[in-house]
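Naming: A, B, ... by sequence-line order, numbering from 1 per chain. Keep in mind it's a predicted model, so treat the numbers as computed, not measured.
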Amino acid sequence: MDRDWAEPLDLDAVAAHAGYSRYHFIRAFKGAYGSTPGQYLTRRRIERAEELLRSANLSVTEICSLVGFSSLGTFSTSFKRQTGLTPSGYRDLYVGRAAAVIPGCYAMLWYGGRDARAPGPDARAPGSDACAPGSRTPGSDARAPGSEDRNSQEAE
Amino acid sequence: MIKGMSIVTVWVLDQDRAKEFYTEKLGFEVRTDMSIGEGGGGMRWLTVGAKDQPDVQLTLMVPSSPGLDPESAEALRTLVAKGVLGAGVFTTDDIHGDYEALKARGVEFVQEPQERPYGTEALFRDDSGNWFSFTQPRAEMDFSKPWDGCTSS
């Protein structure tokens, strides 16, 4: 959970991995950490969102998805509960007029990570880099098994 | 309208060492050095720039995951280590003086200052192996000078 905090995590799978039933896992987790796994994960994700809001020029929606929330509403509500501010209010407070220091494309590339899939033979389309050398290219997902087919080129 | 180039990526093999090289040997200033995220999953945003040119910075990036897939990261590291990546041209108004000064600080030159049609040019490598041209440009082209070391003396 500390490592894959940005990924969609399945509580049953995590519990099974630990060798516990779902409910026993939640109880044991809460006993050890003082919060449920869900609360813990949310806290970690909000911490990262704070960091990105301060340092990178990404939109709130982009940050929401980078840190692992699927709904902007849930993100904003959780963010406000933890920090007392909305994401954009937080950004205004900490960043003010000055520009964020890290261009969003770099933050997206490194922080969000590239899809951890084996690159196909046609992985990189030359010249399609959006921002920097090594930007993620949509074509790199084309042949990955189990990919969501976002940019499938139907190579066959 | 595009107003100019503001950030250029230089692939380096070790950010701590590169930071030291670019500041202590080349005399650049650190513009930003911050980390977001943690451990191997985070990124360190390290930029340096020439003191006289506040609007341009180099970002010293390590080819690594998660920004790059392992194969691409390895390929880039190999190219950097082989020394085939030329990362740009630095200009000066005192090529001979700066050449001596940089050399005294341990910068590895692969060509001493030579007269070229466009100016006087030396070449050096950074501590990762990237090569840079180091040039004092001429006001006007002087075609009596050779284009490279091979054409004439």
Side-chain angles (χ1 to χ4, degrees), chain A residues 1-7 44-45 47-58 63 66-68 94-95 98-126 129-137 139-141 143-144, chain B residues 2-13 15 19 29-49 54-80 84-88 128-130:
Chain A
M1 213 181 285
D2 286 335
R3 193 187 57 218
D4 296 327
W5 50 270
E7 304 296 323
R44 298 297 297 257
R45 287 174 171 173
E47 279 170 8
R48 299 314 191 288
E50 288 181 52
E51 204 171 50
L52 286 172
L53 284 165
R54 285 193 302 261
S55 60
N57 64 341
L58 293 168
I63 290 174
L66 266 186
V67 300
Y94 283 96
V95 178
V101 295
I102 303 181
C105 54
Y106 283 97
M108 187 90 88
L109 176 63
W110 247 263
Y111 197 83
R114 204 182 153 280
D115 289 349
R117 297 184 181 119
D122 56 348
R124 298 259 156 159
D129 285 355
C131 152
S135 284
R136 42 170 123 187
T137 38
S140 61
D141 289 339
R143 290 188 186 178
Chain B
I2 293 176
K3 298 293 188 189
M5 176 75 88
S6 55
I7 301 177
V8 180
T9 301
V10 177
W11 296 109
V12 300
L13 301 179
Q15 284 176 310
K19 181 181 175 181
E29 59 189 13
V30 173
R31 300 277 170 75
T32 319
D33 186 356
M34 64 179 295
S35 296
I36 60 173
E38 59 180 24
M43 76 179 280
R44 178 172 173 195
W45 180 246
L46 171 62
T47 68
V48 297
D55 56 340
V56 176
Q57 47 191 340
L58 307 179
T59 176
L60 306 175
M61 294 287 238
V62 179
S64 64
S65 66
L68 294 170
D69 63 279
E71 192 187 344
S72 303
E74 181 57 34
L76 259 178
R77 277 196 297 272
T78 304
L79 289 176
V80 172
V84 297
L85 295 191
S128 293
N130 298 299

- Query: Of all heavy-atom pairs between A/Ser55 and B/Ile36, which one has the smallest distance, and what is that distance?
  - Reply: OG-CG2, 3.3 Å
- Which atom names give the shortest non-hydrogen contact between A/Tyr106 and B/Met61, and what distance separates them? CD2-CE, 3.1 Å
- Task: Could you grab the distance from atom CD1 of A/Ile102 to atom CE of B/Met34, nearest 0.5 Å is fine?
- Result: 4.5 Å
- B/Arg31: what forms a side-chain hydrogen bond (donor to acceptor under 3.5 Å, both in side chains) with it, not counting sequence neighbours? B/Glu29
- Is chain A contacted by the side chain of B/Ser64, its backbone, both, or neither, given a heavy-atom distance below 4.5 Å? both
- What residues, two or more places apart in sequence or in another chain, satisfy side chain to side chain contact (heavy atoms under 4.5 Å, CB included) together with B/Leu79? B/Val84, B/Leu85
